[in-house]
S.K.: 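Sending over a structure as structure tokens; questions will come in a sec.
Since this is a predicted model, take the numbers as computed values, not measurements.
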Amino acid sequence: MLDIKFVLQNLELIKQNAENRNVKVDLDKIASVYEERKLLQQEIDELRSERNVIAKDMTSCSAENRPVLVERSKEIKEALATKEKRFKELDESFTSEFMKVPNLTHPDSPLGKSEDYNREIYRYKEPTQFSFKPKDHVEIGQDLDLIDFELGTKVSGSKFYFLKNEAVLLEYAITKFAIDALIKEGFTLISTPDLAKMEIVEGIGYNPRGSEAQIYSLNNSDLCLIGTAEITLGGMLANSVIDEQDLPKKFVGISHCFRTEAGAYGSFSKGLYRVHQFTKIEMFAFTTPEKSEETHEYFKGLEESLFRALDIPFRTIDICVGDLGGPAYRKYDLEAWMPGRRGDDENTNGNWGEVTSTSNCTDYQSRRLNIKYKSKETGKTEYLHMLNGTAFAISRTLISILENYQQSDGSVLVPKVLQPYLGFDVIKR
RNA sequence: GGAGAGUUGGCCGAGUGGUUUAAGGCACUGGUCUUGAAAACCAGCGAGGAGCAAUCCUCCCGGGGUUCGAAUCCCUGACUCUCCGCCA
């Protein structure tokens with residue numbers, strides 16, 4: 001959510017921004033409904049003011065005047081009921097459209113309508129070379145008895161899986177490695193609920209309703225399965241005011257993530273790449289507006305250093321304007337090399353696949369969730385900035401490890417940095 | 001699951017139908033004093049909206065109701081605490 005005053009004063013800029021971001025939103029309707037709502041609000045205020053005056057006079061008025069005042073007050077009450085009902089309709093109409101307005105965009109984000117315009121800004125190593133034909137992680141997982149998709153389908157449905165044996169240990173090793181690194185950076189460790197209220201989910205910017213919803217919701221309840229710990233970590237401070245001296249607040253959360261993945265099929269989402277449930281280690285920060293860009297770069301740097309530590313080739317992408325989600329002001333993705341992924345050309349093997357992502361959502365989420373900070377200098381309360389970043393999404397990290405570290409004999413080496421957490425350096429049968 | 005008590009500004013907390021347009025305290029900001037600081041004293045200080053301004057409106061957990069008038073009464077939902085029951 002943006003500041004309505006800012007939107008009205010910069011209507012053309014906001015229109016252009018929405019168009020650049022591929023968001024369909026009727027800003028003229030927003031402006032006209034808001035104006036109508038405002039005028040009605042003024043009428044309502046006048047009536048209320050008169051009612052308040054009468055209520056005050058009532059204590060001191062003469063006996064014969066009293067029925068006159070009561071009569072007028074009753075008229076006001078009826079008039080108010082009608083106007084307030086209309087106001088509620090206008091307000092709902094305004095709010096539902098206004099919520100669609102996307103965040104402003106960082107001036108350096110590449111302009112473009114689709115992911116083709118995303119800009120590579122950093123690369124760590126070139127794609128892994130093999131002296132043999134590399135397998136994909138589905139085959140490796142099967143051969144080494146690490147991942148069982150058939151069991152997942154049998155018990156829970158398609159796009160569910162069971163991790164087995166060393167893959168389970170890898171999940172814990174990756175988790176512990178990330179936690180250790182981030183605690184050193186001053187993050188507070190959190191294990192969050194896997195369910196959250198709809199108002200929180202919406203506040204973060206996800207749409208939990210409708211056919212395109214990426215979020216599972218529970219019947220007979222206002223709860224949703226979280227799609228990411230971003231929801232619960234951001235929701236932690238909903239409706240609160242933080243002293244500036246307590247910022248930035250940095251959290252690292254461990255959570256299960258649930259995604260409906262409606263309509264996501266095909267060879268680009270094979271195996272573990274696109275699943276209904278996975279574990280994620282998520283970074284989150286609340287900062288002052290002045291510090292959010294710096295923190296965003298810091299998160300990007302952390303994500304890069306974590307993947308460099310695994311020694312897996314990756315590239316960092318500055319996401320283009322048209323590919324940004326509603327809340328993001330700017331977003332960077334890390335794409336790891338996945339040797340088993342289908343190439344852009346059907347006959348080639350290997351491709352880049354998104355493994356982490358970090359967004360600066362500025363005050364877009366804090367406005368919806370009502371999270372402010374008290375400025376030390378002015379004593380005023382202002383909306384703070386919120387940022388999120390993936391440390392590791394376990395499922396996709398497993399893909400990148402299994403596929404890049406596979407050997408000609410079918411075994412998989414363990415990244416050096418994880419060996420101390422596992423006590424072995426190779427997975428084989 | 002049963003019984004009882006609660007939810008008020010950044011925090012604590014008074015307030016059971018009309019001088020509460022929310023007392024008081026803490027914290028915070030400015031000032032006096034001081035070599036400096038602390039203390040003390042003085043002053044300011046909740047949020048949102050409309051308006052050039054004066055000023056006006058809304059907000060006392062959410063929703064609904066009673067009343068000329070509701071933080072205050074009624075209904076309902078959420079949450080917190082205490083005790084009991086059950087249970088990893």
S.K.: Looking at B:rG18, B:rA27, B:rG51, which one has an atom nearest to any side-chain atom of A:K374?
M.R.: B:rA27

S.K.: In plain terms, say whether A:E202 and A:R368 are close enough for a salt bridge, that is, a side-chain N and a carboxylate O under 4.0 Å apart.
M.R.: no

S.K.: In terms of the nearest nucleotide of RNA chain B, which residue is placed more toward the 5' end: A:E46 or A:S240?
M.R.: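 So the residue in question is A:S240.
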
S.K.: Check the phosphate of B:rU58 against A:R51, side-chain N and O only, distance under 4.0 Å to OP1 or OP2. Yes or no?
M.R.: yes

S.K.: Give the nucleotide from the list B:rG10, B:rA47, B:rG49 with an atom nearest to the side chain of A:V241.
M.R.: B:rG10

S.K.: Check every atom of B:rG69, B:rG51, B:rU58 against the side chain of A:N52 and return the nucleotide holding the closest atom.
M.R.: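 Closest of the options to the side chain of A:N52: B:rU58.
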
S.K.: Using atom P in both nucleotides, what's the gap between B:rC84 and B:rC73 to the nearest angstrom?
M.R.: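 Straight-line distance between the two P atoms is 30 Å.
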
S.K.: When the P atoms of B:rG13 and B:rU82 are considered, how many whole Å apart are they?
M.R.: 15 Å

S.K.: Between A:Q42 and A:E71, which has a closest nucleotide on RNA chain B that is more 5'?
M.R.: A:Q42

S.K.: Who does B:rA50 pair with, Watson-Crick or G-U, both distances under 3.5 Å?
M.R.: B:rU55

S.K.: Between CD of A:Q365 and CE of A:M386, what distance do you get to the nearest 0.5 Å?
M.R.: 4.5 Å

S.K.: Please classify the nucleic acid contact of A:K88 as base, sugar-phosphate, or nothing, using heavy-atom distances under 4.0 Å.
M.R.: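 If one applies the 4.0 Å heavy-atom cut-off, A:K88 turns out to touch the sugar-phosphate alone, with no base involved.
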
S.K.: Go through the steps to decide whether A:T390 and A:E303 satisfy the test side chain to side chain donor-acceptor pair (under 3.5 Å), and finish with yes or no.
M.R.: CA-CA 7 Å; A:T390 319; A:E303 292 183 5; 4.8 Å; no

S.K.: Using a 4.0 Å heavy-atom cut-off, does A:K56 contact any base of the nucleic acid, only the sugar-phosphate backbone, or nothing at all?
M.R.: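 Nothing, no nucleic acid heavy atom in range.
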
S.K.: Kindly point out which of B:rC57, B:rC68, B:rG10 is positioned nearest to the side chain of A:R66?
M.R.: B:rC68

S.K.: Using the C1' atoms only, state how far B:rA71 lies from B:rU21, rounded to an integer number of Å.
M.R.: 14 Å

S.K.: Could you measure between the two C1' atoms, the one in B:rC59 and the one in B:rA5, and give it in whole Å?
M.R.: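 It works out to 26 Å between them.
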
S.K.: Between A:K5 and B:rA50, is there a side-chain N or O to OP1/OP2 distance below 4.0 Å?
M.R.: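 The answer is yes; a side-chain N or O of A:K5 sits under 4.0 Å from OP1 or OP2.
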
S.K.: For the side chain of A:Y34, starting at C-beta, report the closest nucleotide among B:rA47, B:rU67, B:rA50.
M.R.: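 That would be B:rA50.
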
